[in-house]
Amino acid sequence: MDEIQSLMHGFGVAMTPTNLVLMFTGVILGVIIGVLPGLGGANGVAILLPLTFGMAQTPGGATSAIILLSCIYWGALFGGAITSILFNIPGEPWSVATTFDGYPLAQQGRAGNALTAAFTSSFIGAFIAVIVITFLSPVIAGFALEFGPPEFFAVYLLTFCAFIGTSKEPPFKTLAAMMLGFALAAVGTDPVTGTLRMTFGARHLLTGFDFLIAVIGLFGIGEILLTLEEGLAFRGAKAKLNLRVVLETWKELPRYWLTSLRSSAVGCFMGIVPGGATPASFMSYGVARRFSRDGDKFGSGMVEGVVAPETAAHAAGTSALLPMITLGVPGSPTAAVLLGGLMIWGLQPGPLLFIEQKDFVWGLIASMYLGNIAGLIVVLTCVPLFAAILRVPFSVIAPIIMVVCAIGAYTVHNSIFDVWMMVVFGVAGYLFKKLQYPLAPLVLAIVLGDAAEASFRQAMLISQGDMSIFFSKKLVGLMTTLALLLLFWPLISWLFGKLRSRARA
Amino acid sequence: MAQGGEGRPAFRQKSAEIAVAALFFLLGAIVIYDSLRVGIRWEEVHGPQGGYFPFYVGLIICVSSAINALTALMVPADRSKTFVQVGQLKLVLTVLVPTALYVIAVTWIGIYVSSALFIGFFMRWLGKYPWWKAGAVGLGAVVVFYLIFEVWFLVPLPKGPLESLLGLD
């Protein structure tokens, strides 16, 4: 059991006093970020990333930095549930499904039960995902060591086609948003030939668009504008969480073990294939409703209806890090930001990480176990505190968040131009959200665009322009075929629907 | 507002869809144009030229935005929902315009003074807080930012004449 040994070593790396303090700091910050409108996992981490530049320079600092940032992510995942249950306002998109049963429970005065169920199942979902990461990632990394450019391009293709196949948004909008991301990524110096592309003489565009700016604008400013439009008045249920309620709920939870297991499986799958936490939570809610004995009572305040989406969301959110550390392909926008962080700190994400940066990788994996325990402790003890943040009026919170976003955008490259770009991306984010253009593939394309293009061009060089290289070997052919299947999935399912309705007629 | 007032639609879903699709198309066209300039053909030694990959990206943007626009056009006018109401649009603009002014201000007077003004203005304008409260929160937030960024994490932020007057540069 090599993995167990490596993991134990990882615990040794992660369990220094500094790292433990960073863990709790990260989780608390993360929950606050998750609770506040306009700040979420992705842009919260993006804003705080520049603060770690200095930290990562010290020996072992990169591990501390990733622990801080990943714990912010765990915290944000936990935080989303609080607003969903108490205020019926999902703090994060993946906690929308939690409102369906969480808020009715809170209205019946059982907010404590709902919160405990949400936090505990989040924890379980994340825990199962971390176990999957522990044992699966060395295997995948081992595989990936053999990967050449065609294989890597097939992985990228699979990632992006999965968005089209699994997203709820109209496929052509997903495609347009994604390709916009690729176009933005291509701006600047061409990595292969060194020619300037799409800069049109503008000095600021020489280095291209930074995805951190895009994330802060799209998710931060865009979200604030949307929230504002709804004319927010927070009126929430009271949160009382004492030991008795917690224990009472814990006694009830084992009944839903099958739901938990199923939701974890859905979550892990959707996280690794970049479907993401949001569709995972909806899908698992739907599955639980269909299979549950009380399926028809879902929506009226069933604890099981909180367990299912929360488990899946956390499993997906956590397992999204698996392709990030093994292949360098993030499964979610937040994982993409973390990936960006790795590159800025001078680490090359991908299979070599498991050989060259053992301390870092296993420290990170160990910190996932510890960080989730820290998260559970923090949220179970501090709910009233976090709920109080939401009672601060929006007209106070909103400008402060805007300023934080602006500072975050500025600090990436110390440039005011980036702050302008953030505002532009903010307006785009507002429009895209309202018109159902998905943001996740857009962000992922900005991050992966250059790498995807480089692997494509290298593959083309190897084959001298022959596309059949993507079907030349078993593995690459399998991945490409799967990618194409996912790409045409909307069309296939539409045709099936037509055939079925015709058969019925 | 005479009739309908704030709830009146400012834009319909349909027009917004078409406008955004048109914008996408324009961006796609720019990408295609520039890729053609760089070159989209095969080159000895280097393989595909710099414009090869972006060219197809631009092409897909144009095609898919055209499809999106056509889909929107097929919605009958009477079934087109409201994209944004007048009242909502006003609210969004009351944030967007000060934000733009804020970014301009950052260039001239630094991020601290303009942030304090921005937060204060926002609380006063939208929250209807008394001046002293708005001022206090704005000032307090800025001091906290200063401590976190400049003192704790040593990240310098843009400063203006006031900071140099106070010797904080």
Side-chain angles (χ1 to χ4, degrees), chain A residues 50-51 53-55 170-173 175-176 179-180 182-183 186 190 192-198 200 221 224-225 228-231 393-396 398-400 402-404 406-407 410-411 414 416 419-420 422-423 426-427 430-432 434-435 437 449 452-453 456-458 460-461 464-465, chain B residues 13 16-17 20-21 24 27-28 30-31 34-35 38-39 42-43 46-54 57-58 60-61 64-65 67-68 71 83-84 88-89 91-92 95-96 99-100 102-103 106-107 111 115 118-119 121-123 125-129 137 141 145 149 153-158:
Chain A
L51 297 185
F53 291 170
M55 187 197 279
F172 282 104
K173 286 188 175 172
L175 196 61
M179 288 301 146
L180 180 66
F182 277 113
D190 170 16
V192 181
T193 59
T195 35
L196 287 179
R197 299 191 295 195
M198 285 173 270
F200 299 102
I221 307 296
I224 291 271
L225 294 178
L228 202 84
E229 186 182 89
E230 281 155 24
F394 192 63
S395 51
V396 181
I400 294 181
M402 297 281 256
V403 169
V404 169
I407 294 179
Y410 176 80
T411 49
N414 292 337
I416 302 265
V419 185
W420 278 115
M422 173 198 79
V423 177
V427 176
Y430 166 77
L431 290 173
F432 288 2
K434 290 206 80 166
L435 295 175
Y437 284 88
E453 183 185 349
F456 177 73
R457 284 161 74 172
Q458 281 160 6
M460 285 293 97
L461 261 184
Q464 286 301 304
Chain B
Q13 184 85 16
E17 290 275 10
V20 170
F24 263 99
L27 287 172
I30 293 175
V31 174
D34 194 71
S35 304
V38 176
W42 184 272
E43 195 177 294
H46 285 304
Q49 284 178 321
Y52 182 85
F53 195 80
V57 165
I60 299 176
I61 294 179
S64 50
S65 58
I67 295 175
N68 286 333
T71 322
F83 175 69
V84 63
Q88 292 175 325
L89 186 67
L91 255 177
V92 170
V95 180
L96 221 49
T99 306
Y102 165 69
V103 184
V106 170
T107 326
I111 210 158
S115 297
F118 180 67
I119 295 171
F121 165 82
F122 211 96
M123 282 177 66
W125 182 259
L126 285 174
K128 309 272 181 276
Y129 283 89
V137 173
F145 289 142
F149 286 92
F153 281 100
L154 303 173
V155 177
L157 296 177

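So you know, we letter chains A, B, ... as the sequences are listed, proteins then strands, and number each from 1.
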Practice item. Kindly indicate, with the supporting measurements, whether the criterion salt bridge (Lys or Arg N to Asp or Glu O under 4.0 Å) is fulfilled by E17(B) and K434(A). Key: CA-CA 10 Å; E17(B) 290 275 10; K434(A) 290 206 80 166; over 6 Å; no
**Study point:** Separation between CZ of R457(A) and OH of Y52(B), rounded to the nearest 0.5 Å
**Key:**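 That separation rounds to 10.5 Å.
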Check your understanding: At what distance, to the nearest 0.5 angstrom, does OG of S395(A) lie from OH of Y129(B)?
Key ->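 The OH atom of Y129(B) is 4.5 Å from OG of S395(A), to the nearest 0.5 Å.
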Check your understanding: Which answer fits V423(A), side chain, backbone, both or neither, if we ask what part of it has an atom under 4.5 Å from a heavy atom of chain B?
Key ->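 Only the side chain of V423(A) comes within 4.5 Å of chain B.
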Point to revise | Contacting region of L27(B) [heavy-atom separation from chain A under 4.5 Å] | key: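 For L27(B), the contact with chain A is made by the side chain alone.
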Practice item. Measure I119(B) against the heavy atoms of chain A and call it side chain, backbone, both or neither at under 4.5 Å. Key: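 Both backbone and side chain of I119(B) come within 4.5 Å of chain A.
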Exercise for review: Kindly give the heavy-atom pair with the smallest separation between S115(B) and V403(A), and that separation in Å.
Suggested key: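 So the minimum-distance heavy-atom pair works out to OG-CG1, 3.4 Å.
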**Study point:** Side chain, backbone, both or neither of Q458(A) within contact of chain B (heavy atoms, under 4.5 Å)
**Key:**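 For Q458(A), there is no contact with chain B at all, as no heavy atom is under 4.5 Å.
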Check your understanding: Pick from F121(B), Y102(B), W125(B): which one has the most heavy-atom pairs with chain A under 4.5 Å?
Key ->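 It is Y102(B).
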Check your understanding: Checking R197(A) side chain against G51(B) main chain: does a donor-acceptor pair fall under 3.5 Å?
Key ->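 Such a contact is absent between R197(A) side chain and G51(B) backbone.
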**Study point:** Atom group of L196(A) that falls short of 4.5 Å from chain B, counting heavy atoms
**Key:**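 For L196(A), the contact with chain B is made by the backbone alone.
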Check your understanding: Based on non-hydrogen pairs under 4.5 Å, which of T99(B), V38(B), V20(B), L89(B) is most in contact with chain A?
Key ->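 The residue among T99(B), V38(B), V20(B), L89(B) with the greatest pair count is V20(B).
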Review point. Relative to chain B, which segment of A183(A) carries a heavy atom at a distance below 4.5 Å: side chain, backbone, both, or neither?
Key: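 Both parts, backbone and side chain.
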Check your understanding: When the ring planes of F83(B) and Y430(A) are compared, do they come out parallel, tilted or perpendicular, using 30° and 60° as the limits?
Key ->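 Plane angle over 60°, so perpendicular.
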Review point. Closest approach of P156(B) and Y410(A), non-hydrogen atoms and distance?
Key: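 For P156(B) versus Y410(A), the nearest heavy atoms are O-CE2, 3.8 Å.
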**Study point:** Student check: side-chain heavy atoms of N68(B) and Y437(A) closer than 4.5 Å
**Key:**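 N68(B) vs Y437(A): side chains touch.
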Practice item. Output all residues satisfying side chain to side chain donor-acceptor pair (under 3.5 Å) with S64(B), sequence neighbours left out; order by chain, then residue number. Key: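 S64(B) satisfies side chain to side chain donor-acceptor pair (under 3.5 Å) with no residue once adjacent residues are dropped.
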